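For this chain, numbers begin at 1 and follow the sequence in order. Quick caveat, the model's predicted, so the values are computed rather than measured. Below, each value reflects all heavy atoms present in this structure, side chains not excepted, and no hydrogens, waters or symmetry copies.
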Amino acid sequence: MPDKFRSQVFEPGTRIFREGEPGQQAYIIERGAVEISAYRNGETAVVARLAPGEIFGEMALIDDELRSATAVAVEETELIVIQRDQLMQPMDKADPMVTLLLRMILERFRTTQRQLSNGGAEPAAELLELDVRDGALDEIREQAIERIKLDQDIRQAIDKKEFELYYQPIIALEGGHMVGLEALMRWHHEERGFVSPVEFIGPAEESGAIVEMGRWALEEALTQNAGFQALFAKAFPDLPPLFMSVNVSGRQLISLEEIDNMVGIIEAAGADPATVKLEITETLMVEDPVHATLALERLKGYGVSLAIDDFGTGYSSLSYLHRFPLDTLKIDRSFVSNMEEVAGSRRIVRSIARLAQDLEMDIVAEGIEKTEQMAMLRDLGCTYGQGYLMSKPVPKSEIDELIESGVTW
């Protein structure tokens, strides 16, 4: 049991909480037994007798109402205590529709309780109308409706081809020439205008739409990279062809069949797998390392390169580096942006660079905005970099112009 949960022991006959009290904790019975009773129509009635593994007291914790019943330990009972903030924090992050449904179920249950306590004198419909006319519930309902609309808009955007790829150059810190591009999805909604990826990538992940979006992004990026490579070969005939870096969702890696679809897209595009770099985050690797090993080895076996994105900002990053067939570490911009002023950030970048060198991996430093940062990263042993100093993400036409100009940084 995590340290954040604590246990509490109650002697037989001890009241755990009383009906009508505010509720700040819920409980899971680890051992013993608890009797739940409620005062109705002038009498106290036993509602339930709970055994180990059962939870109680959760309703007051969720809706901040007073306790609707009394809980008493029938025998010596050990309870795991759940504090309100431990429950509310994950609820705040939950899908608004799930939260709305949960709150509506509780509201209707509370309505039934009040009706029974009043002897059924008030009509249920009238009580329900009063109960749901609540500011907090209105806000949750509005969030849920907005989320449903967003999910619908994302699906329509896929059908209407409203998504577009922008590209950000990745350069060699030694030499300053372009070595590759990262494809980044953008959305120009017909009514909303530009929608930030922060607003739609997460919901698309949760709904599963990201899988179809990811297929399209991979196909589009590789198709356009053929044109970029042709221009690059003319402008820089002595340099290797540009690689294309494409973000891959953990959702796309859950199914081995979807991995085969990705391989099929690469083959259909006629792309050299050696010039395809797939960027992944560490969530899948942490949550299901066995499946992640199978998925990544399958991709690696086809000849593509694998990069771990935003390295150093997530989970136990060092613990999985030796387990998976990764080629590139991408250092998060949060370390790069303040490495001039913050010694700790410099030390982290230096440590990541040394680690990558020992593991024979490339490094891409993200978020470079100053020439001083570029020089410092080069001195620390970073291989590649990207950031606004070179170029912000731009449409295909502007990448064509950059390549044809023969620019270096």
Side-chain angles (χ1 to χ4, degrees), residues 165 167-168 170 180-185 197-198 200-206 208-222 225 243-266 269 271 273-335 352 355-356 359-367 383-384 386 393:
L165 289 183
Y167 299 92
Q168 187 171 39
I170 300 171
L181 297 156
E182 180 180 0
L184 297 160
M185 196 171 295
V198 175
F200 70 84
I201 293 295
E205 288 264 7
E206 293 174 14
I210 196 71
V211 175
E212 189 172 351
M213 293 163 64
R215 289 184 205 139
W216 170 82
L218 181 61
E219 181 179 7
E220 184 78 358
L222 296 184
N225 197 40
F243 65 80
M244 177 59 67
S245 194
V246 182
N247 292 281
V248 174
S249 163
R251 285 264 193 169
Q252 292 173 266
L253 302 180
I254 289 174
S255 165
L256 295 181
E257 182 180 346
E258 186 58 32
I259 291 174
D260 290 340
N261 288 336
M262 293 164 60
V263 169
I265 290 171
I266 295 170
T275 65
V276 180
K277 190 184 294 284
L278 303 179
E279 293 192 18
I280 58 177
T281 57
E282 51 194 293
T283 305
L284 174 71
M285 294 184 282
V286 172
E287 293 180 350
D288 193 347
V290 175
H291 177 77
T293 301
L294 290 173
L296 298 182
E297 286 182 348
R298 194 157 180 164
L299 286 170
K300 185 68 177 173
Y302 184 66
V304 303
S305 297
L306 300 173
I308 177 71
D309 197 13
D310 298 335
F311 182 76
T313 62
Y315 301 89
S316 305
S317 304
L318 297 180
S319 67
Y320 57 67
L321 284 183
H322 70 285
R323 297 187 56 173
F324 304 112
L326 301 169
D327 301 283
T328 302
L329 298 183
K330 298 199 74 174
I331 302 177
D332 186 68
R333 67 184 64 249
S334 61
F335 300 122
I352 293 174
L355 177 65
L359 295 173
E360 299 181 343
M361 299 172 70
D362 296 326
I363 311 165
V364 177
E366 299 181 288
T383 322
Y384 306 126
Q386 64 186 102

Test item: [X] and [Y] side chains (from C-beta on) under 4.5 Å apart, heavy atoms:
X      : Y      : value
Leu184 : Tyr167 : no
Ile259 : Leu299 : yes
Gln386 : Leu181 : no

Note to self: Test side-chain contact (heavy atoms from CB on, under 4.5 Å) on Leu218 and Ile266; report intermediate values, then the result.
What the structure shows: CA-CA 8 Å; Leu218 181 61; Ile266 295 170; 4.3 Å; yes

Atom pair [atom1]/[atom2] of [X] and [Y] - distance to nearest 0.5 Å:
X      : Y      : atom1 : atom2 : answer
Glu219 : Leu165 : CD    : CG    : 11.0 Å
Ile352 : Ile331 : CD1   : CD1   : 5.0 Å
Leu326 : Ile280 : CG    : CD1   : 5.5 Å
Ile201 : Glu205 : CD1   : CD    : 7.5 Å

Might you point out which heavy atoms bring [X] and [Y] nearest each other, and give the distance in Å?
X      : Y      : value
Ser245 : Glu279 : OG-OE2, 2.5 Å
Val248 : Gln252 : CA-OE1, 3.6 Å
Ala274 : Ser305 : O-OG, 4.4 Å
Ala204 : Met213 : CB-SD, 3.7 Å
Ala295 : Leu256 : CA-CD2, 4.1 Å
Ser334 : Asp332 : OG-OD2, 2.5 Å

Margin query: What verdict does the side-chain contact (heavy atoms from CB on, under 4.5 Å) test give for Leu278 and Met262, after you've listed the backbone C-alpha separation in whole Å, the side-chain angles of each residue and the deciding distance to 0.1 Å?
Written below: CA-CA 10 Å; Leu278 303 179; Met262 293 164 60; 3.8 Å; yes

Checklist line | Listed once per pair and sorted, the salt bridge (Lys or Arg N to Asp or Glu O under 4.0 Å) pairs that draw on residues 245-258, sequence neighbours left out | finding: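 Sorted result for residues 245-258: Arg215-Glu258.
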
Checking the side chain of [X] only, and the main-chain atoms of [Y] only, is there a donor and an acceptor separated by less than 3.5 Å?
X      : Y      : answer
Thr383 : Ile363 : yes
His291 : Leu253 : yes
Asp309 : Thr281 : no

Item checked: Residues which pass ring pair (Phe, Tyr, Trp, His ring centres under 6.0 Å) with Phe200, listed by chain and number, not counting sequence neighbours ->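 So Phe200 forms a ring pair (Phe, Tyr, Trp, His ring centres under 6.0 Å) with Phe163, Trp187.
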
Checklist line | Step-by-step side-chain contact (heavy atoms from CB on, under 4.5 Å) determination, Val276 to Phe243 | finding: CA-CA 6 Å; Val276 180; Phe243 65 80; over 6 Å; no

Check: Knowing that exactly one of Asp362, Thr328, Asp327 qualifies, which makes a side-chain hydrogen bond (donor to acceptor under 3.5 Å, both in side chains) with Lys277?
Finding: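 Exactly one candidate clears the test, Thr328.
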
Next item on the list: Any chance you could lay out the side-chain contact (heavy atoms from CB on, under 4.5 Å) test for Met185 and Trp216, step after step, and finish with the verdict?
Entry: CA-CA 10 Å; Met185 196 171 295; Trp216 170 82; 4.0 Å; yes

